Novice: 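Structure provided below as structure tokens; questions to follow.
All figures in this text were calculated on a predicted structure; none of them were measured in a lab.
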Amino acid sequence: MDSKFVPTLYEEKLNDFWVKRGFFEGKVDKAKKPFSIILPPPNANGSLHTGHAMFVFEDILIRYNKLIGNEVLWLLGLDHAGTETQFVFEKQLNKQGKSRYDFDRETLFKMIWDFVMENKGTIKSQLKRLGFALDWSKEKFTMDPEIVKVVYRTFKDLYDKKLVYRAYRLVNYCTKDGTSYSDYEVNYEEEAGSLYYLKYGPFEVATTRPETIFGDTGVAVHPNDKRYQEWIGKEVEIQGPIGPFKVRVVADEAVDPKFGTGVVKITPAHDFTDYEISQRQNLPLKQVIDFRGKLNELTGQYTGLNVKDARVKVGEDLKAKGLLIKIKEDYSHRVGKCYKCGRTIEPLPKEQWFVKIKPLADSAKELIEKDEVKFYPKKYKRQAIQLLDKYIDWNISRQTVWGIRIPAYFCKSTKQWFISPEKPSSCELCDKNDFVQDEDTFDTWFSSGQWPFATLETEGNEFYEYFYPTSVMETGHDILRPWVLRMIMLGSFATGKTPFKTVFLHGMVRDKKGQKMSKSKGNVINPLEMVDKFGADAVRASLVFGIKEGADVPLADDRVIAMRNFANKVWNMGRFIKINDENSLKKDAAQVDSKVLTQLKKEFEQEKKSYQKYMKNYQFSKAFDLIYHFLWHSFADIYIEKLKEPLQSGNIEVLNLLKELYFENLKLLHPYMPFVTEAIWQEFHGTDTSILEVTAVKTI
RNA sequence: GGGCGUAUAGCUCAGUUGGCUAGAGCGUUACAUUGACAUUGUAAAGGUCUCAGGUUCAAGUCCUGAUACGCCCACCA
């Protein structure tokens with residue numbers, strides 16, 4: 001054995017060896033207990049980032065379960081990541097001075113498809129470099145035809161059970177990306193604006209958006225506000241920039257009588273609160289801003305102006321007409337921004353497909369409350385329930401080309417929608433064939449929300465029955481709501497079962513100072529560079545060592561170096577034992593105090609017991625800490641030192657005990673540091689053997 | 001405004017149902033060793049465990065309150 005463990009000499013070789021031996025190809029084996037994890041599919045639009053390195057927790061679980069003799073499956077998959085990917089791709093196009101409008105739908109789709117296929121390869125090789133024991137023989141992609149079939153089936157089932165409906169309502173629309181988004185793809189930011197106080201018929205109102213005045217269809221006051229009782233229910237005439245118009249005065253609880261004058265102008269088409277009021281009060285909806293973010297033909301001379309310019313112009317013109325009372329400058333308020341491009345989100349009315357959430361959320365809640373799905377760390381159970389309580393209907397339509405096209409067909413003669421995986425041959429109502437397919441694609445989360453059962457189904461019924469529900473869903477706590485909860489909702493809807501028995505949520509990877517990584521801060525670390533420098537074992541272990549489960553973890557050189565040193569220490573323990581193993585048996589060997597051996601055995605038994613307990617409770621950091629301290633500061637620093645002389649003089653009892661306990665510890669350590677442990681194993685037992693072979697494992 | 005979380009050594013973090021003479025990694029200091037390992041060993045310095053009350057024989061650990069920071073949710077015309 002070398003005097004140092006050099007990761008680069010082993011990593012690729014061992015990875016190939018594991019794949020070749022098929023250790024992690026999931027098979028139906030009724031004699032064994034199944035243990036399955038579905039990899040949260042990385043977005044196939046770039047390369048691996050530090051967050052993906054946290055999948056190490058899944059690898060620990062998979063390797064541990066393999067070692068204790070379970071049949072494991074860690075299913076590899078990738079996500080097409082609809083709007084995300086299209087956004088990334090369009091940025092590339094823009095660099096070449098082009099835009100998505102330069103291409104027709106089919107061409108654009110094909111271009112993105114090629115782009116994604118290229119990235120898929122990159123990501124897979126990166127996952128492999130981290131030593132992840134995925135089942136490389138069964139790769140899934142969210143746009144695989146078999147997956148799409150399942151997604152279509154779920155959509156139809158939801159529709160048939162009245163849990164999908166089409167509605168014309170306000171959506172979050174990004175006029176730059178040209179698509180609507182769901183509610184939490186909008187980030188609210190504090191922004192300084194101007195608050196305009198307007199003369200508004202008999203009232204005075206305050207607004208940050210005077211340009212929406214053309215879409216006003218009502219004016220609201222609080223029902224108990226004594227100042228305005230006489231007006232409620234009446235129609236009043238308002239002087240506007242392009243002449244007078246009439247609105248109805250309504251009384252609504254949503255109005256805060258203490259804010260401003262206690263009077264609100266209602267623009268149902270361009271403000272969410274106003275939209276809700278209009279629904280309650282039966283006020284008409286009048287769209288005056290189009291999907292490019294410009295004022296439309298209902299705004300007279302303002303037609304074609306973008307929102308920002310129109311705001312200033314309308315303000316000026318109202319002032320000229322004596323309708324502007326005052327402007328409060330530097331008025332700080334919160335504005336919705338597109339989470340991708342940062343542009344202000346425009347609430348616009350649009351016809352879209354929605355999932356009715358309440359029944360789905362209720363059944364998901366029940367599963368969680370009954371612990372059919374368990375959460376680690378435990379605090380997320382309560383958080384999950386709270387989030388489910390607040391879930392609102394889910395807009396699943398996206399106006400992007402890249403995605404799974406919604407299988408909905410509109411019959412132009414009957415004006416009816418039909419849900420069907422393929423274009424219907426004729427209309428059920430009119431017998432004509434006059435269909436047009438919905439242009440939109442599904443929200444990515446609609447397909448990834450079906451991931452566990454959809455992927456397993458494509459492997460056949462027996463396979464599905466064996467591995468579903470999966471054992472653990474391990475992912476970042478940031479996608480509890482958009483992904484984990486949706487999987488529970490859609491999974492239980494489609495299969496009648498929870499898609500996974502346990503949820504384990506890890507924290508975020510930070511830089512060495514504990515700061516969030518971001519391109520603008522320039523503190524982004526590429527995990528693969530760390531692997532190049534220090535080895536995969538070291539990078540993996542550094543993400544686990546000394547960090548409470550679920551907490552954020554700093555990815556820092558000194559932490560990785562410490563783990564590289566540990567790997568080397570373990571290697572050298574083996575080297576020392578091996579050197580003496582080759583000396584072997586002498587008759588005049590030095591004797592040893594048997595108490596030392598008893599003490600060593602006892603310490604090991606305790607270590608093993610605690611290890612098992614920690615692994616069972618998902619306390620990965622503690623289990624690792626245990627091995628770290630036992631191996632380094634007991635086994636090496638105390639026992640090897642104490643037993644050095646007997647060992648070197650050929651005491652076979654000592655040699656055998658040290659060997660046995662050392663190998664046992666390699667097994668315990670293997671889930672955390674697969675490469676160094678396997679490399680050592682092979683140094684002792686030959687390169688055609690593996691620590692992963694069940695025959696090698698007797699005592700964990 | 002609602003919810004959650006965190007405050008422990010210079011830095012990054014552990015500390016399970018209260019028993020701690022409070023630990024680890026990195027850093028610092030001294031010494032040792034090229035004898036499995038300098039990616040090493042031995043030892044040392046360094047903490048009124050954010051603050052104020054309370055429960056208890058006993059509190060970093062439980063309760064109440066305060067302060068600071070972080071996250072999630074709702075979103076103000």
Novice: Which of the following nucleotides, B/A36, B/C73, B/C76, is nearest to the side chain of A/D271?
Specialist: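 The listed nucleotide nearest to A/D271's side chain is B/C76.
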Novice: When the ring centroid of A/H685 is compared with that of A/F663, is the distance short of 6.0 Å?
Specialist: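 Ring centres of A/F663 and A/H685 closer than 6.0 Å.
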Novice: Report the base-pairing partner of B/G10 (Watson-Crick or G-U wobble, both distances below 3.5 angstrom), or none.
Specialist: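 B/G10 is paired, partner B/C26.
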Novice: Of all the nucleotides listed (B/U42, B/C73, B/C37), which has the minimum atom distance to the side chain of A/K390?
Specialist: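 The answer is B/C73.
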Novice: Less than 6.0 angstrom separating the ring centers of A/F5 and A/Y10, yes or no?
Specialist: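 Centroid distance A/F5-A/Y10: below 6.0 Å, so yes.
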Novice: Please classify the nucleic acid contact of A/H477 as base, sugar-phosphate, or nothing, using heavy-atom distances under 4.0 Å.
Specialist: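 The residue A/H477 makes no contact with any strand.
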Novice: Which part of the nucleic acid, if any, lies within reach of A/R334 when heavy atoms closer than 4.0 Å are counted: base, sugar-phosphate only, or nothing?
Specialist: base
Novice: The side chain of A/E641 is closest to which nucleotide in this list: B/A36, B/G41, B/G15?
Specialist: B/A36
Novice: Assign each of A/T207 and A/V6 to its nearest nucleotide of RNA chain B by heavy atoms, then name whichever residue's nucleotide is nearer the 5' end.
Specialist: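 With A/T207 and A/V6 compared, the 5'-side residue is A/V6.
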Novice: For B/C62, what is the paired nucleotide under Watson-Crick or G-U wobble rules, both distances under 3.5 Å?
Specialist: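 The answer is B/G54, by the H-bond criterion.
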Novice: Can you check the distance between B/A45 and B/G3, where both ends of the measurement are the C1' atom (answer in whole Å)?
Specialist: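 Result for the C1' pair: 44 Å, nearest Å.
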Novice: Measure the acute angle between the ring planes of A/F504 and A/F620, then classify it against the limits of 30° and 60° as parallel, tilted or perpendicular.
Specialist: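 It falls in the perpendicular class, over 60°.
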Novice: Using the side-chain heavy atoms of A/D558, tell me which of these nucleotides is nearest: B/C76, B/C26, B/U16.
Specialist: B/C26
Novice: Choose from B/A36, B/G5, B/U16 the nucleotide whose nearest atom is closest to any side-chain atom of A/Q648.
Specialist: B/A36
Novice: Which nucleotide, if any, forms a Watson-Crick or G-U wobble pair with B/C31, using both distances under 3.5 Å?
Specialist: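 B/C31 is paired with B/G41.
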Novice: Across all strands, who's sitting opposite B/U21 as a Watson-Crick or G-U wobble pair, both distances under 3.5 Å?
Specialist: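 Across any shown strand, B/U21 pairs with none.
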Novice: Take atom CD of A/Q383 and atom P of B/G70, then tell me their distance rounded to the nearest Å.
Specialist: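 Those two atoms, CD and P, are 18 Å apart.
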Novice: Out of A/V288, A/T267, A/I289, which residue meets the side chain to side chain contact (heavy atoms under 4.5 Å, CB included) rule with A/F214?
Specialist: A/V288
Novice: Can you identify which nucleotide, out of B/U42, B/U39, B/A77, has its nearest atom closest to the A/H333 side chain?
Specialist: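 The nucleotide sitting nearest to the side chain is B/A77.
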Novice: Tell me which of A/K622 and A/S3 sits closer to the 5' end of RNA chain B, going by the nucleotide each one is nearest to.
Specialist: A/K622
Novice: Using the salt bridge (Lys or Arg N to Asp or Glu O under 4.0 Å) criterion, which residues pair with A/R564? Sequence neighbours excluded.
Specialist: none
Novice: Students often get this wrong, so: under 4.0 angstrom with heavy atoms, is A/Y196 touching a base, only sugar-phosphate, or nothing?
Specialist: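 The residue A/Y196 makes no contact with any strand.
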Novice: Quick check for you: among B/G25, B/A77, B/A36, whose closest atom lies nearest to any side-chain atom of A/L195?
Specialist: B/A77
Novice: Among B/U16, B/C76, B/A77, which nucleotide has an atom closest to any side-chain atom of A/V264?
Specialist: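 When the side chain of A/V264 is considered, B/A77 is the closest of B/U16, B/C76, B/A77.
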